[in-house]
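Here is the structure we will look at.
Note that the structure is a prediction, hence the values are computed from the model and not measured. We're numbering straight along the sequence, starting at 1.
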Amino acid sequence: NIFSQNENSIAISPNPTSGQFKITGNGITDKTLQLRLTDILGRVIYVTEIPVINGCFEKSLSVEKVLAGIYFMNVYSGNWMQSFKIEVRN
């Protein structure tokens, strides 16, 4: 999954995942981003704010303790939001 808005790009890999995945981005103009992982019903599983350094960010997340299924990683900034579907396989 890659999101592009002007020069911005965000990628999540591996997807599907069975344990850990990494979300990375570059070309981001904001100083921080909020990451929010939700299940298919919209319940929040994980939320954090991460710093953006020189337009880039990287965050590894573990989903080893969640049930197999479809989840959404929502990336929020000051003026945009992008949602990514993630498949968790156990």
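- Two residues are said to be in side-chain contact when any heavy atoms from C-beta on lie closer than 4.5 Å; Ile10 and Phe57 meet this criterion.
- Residue Ile53 is found outside any hydrophobic cluster, as its side-chain heavy atoms come under 4.5 Å of no other Ile, Leu, Val, Met, Phe, Trp or Tyr.
- Inter-residue side-chain proximity for Phe21 and Ser13 is flagged as unmet; no heavy-atom pair is nearer than 4.5 Å.
- Among pairs with a residue in residues 9-33, those fulfilling salt bridge (charged side-chain N to carboxylate O under 4.0 Å, His left out) read Lys22-Glu58, at least two apart in sequence or across chains.
- Here CD1 of Ile28 is found 13.0 Å from CG of Asn54. Values are rounded to the nearest 0.5 Å.
- The side chain to side chain donor-acceptor pair (under 3.5 Å) search around Glu87 returns Arg89, not counting sequence neighbours.
- Sorted pairs that involve residues 70-81 and meet salt bridge (charged side-chain N to carboxylate O under 4.0 Å, His left out), not counting sequence neighbours, are lacking altogether.
- Interatomic distance, CD1 of Ile86 versus CD1 of Ile23, reported as 7.0 Å (0.5 Å rounding).
- Under the side-chain contact (heavy atoms from CB on, under 4.5 Å) criterion, Ile40 pairs with Ile70, Phe72, sequence neighbours left out.
- Counting only residues at least two apart or in different chains, side-chain hydrogen bond (donor to acceptor under 3.5 Å, both in side chains) contacts with residues 42-52 comprise Asp39-Arg43.
- Applying the salt bridge (charged side-chain N to carboxylate O under 4.0 Å, His left out) definition to pairs two or more places apart or across chains, none involves residues 63-78.
- Listed by chain and number, the residues in a side-chain contact (heavy atoms from CB on, under 4.5 Å) with Val66 are Ile45, Val63, Tyr71, Val88 (sequence neighbours excluded).
- Within the 4.5 Å cutoff, the side chain of Leu61 has heavy atoms near those of the Met73 side chain.
- Partners of Ser83 under the side chain to side chain donor-acceptor pair (under 3.5 Å) rule, at least two apart in sequence or in another chain, are Asn74.
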**Item:** Criterion side-chain hydrogen bond (donor to acceptor under 3.5 Å, both in side chains) on Asn26 and Thr24, from CA distance to verdict
**Value:** CA-CA 7 Å; Asn26 60 54; Thr24 59; over 6 Å; no
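- Under the salt bridge (charged side-chain N to carboxylate O under 4.0 Å, His left out) criterion, no residue pair touches residues 69-82, with sequence neighbours excluded.
- Atom CD of Gln82 is separated from atom CG of Leu33 by 12.0 Å, given to the nearest 0.5 angstrom.
- Counting heavy atoms from C-beta outward, Leu35 and Val75 have side chains that approach closer than 4.5 Å.
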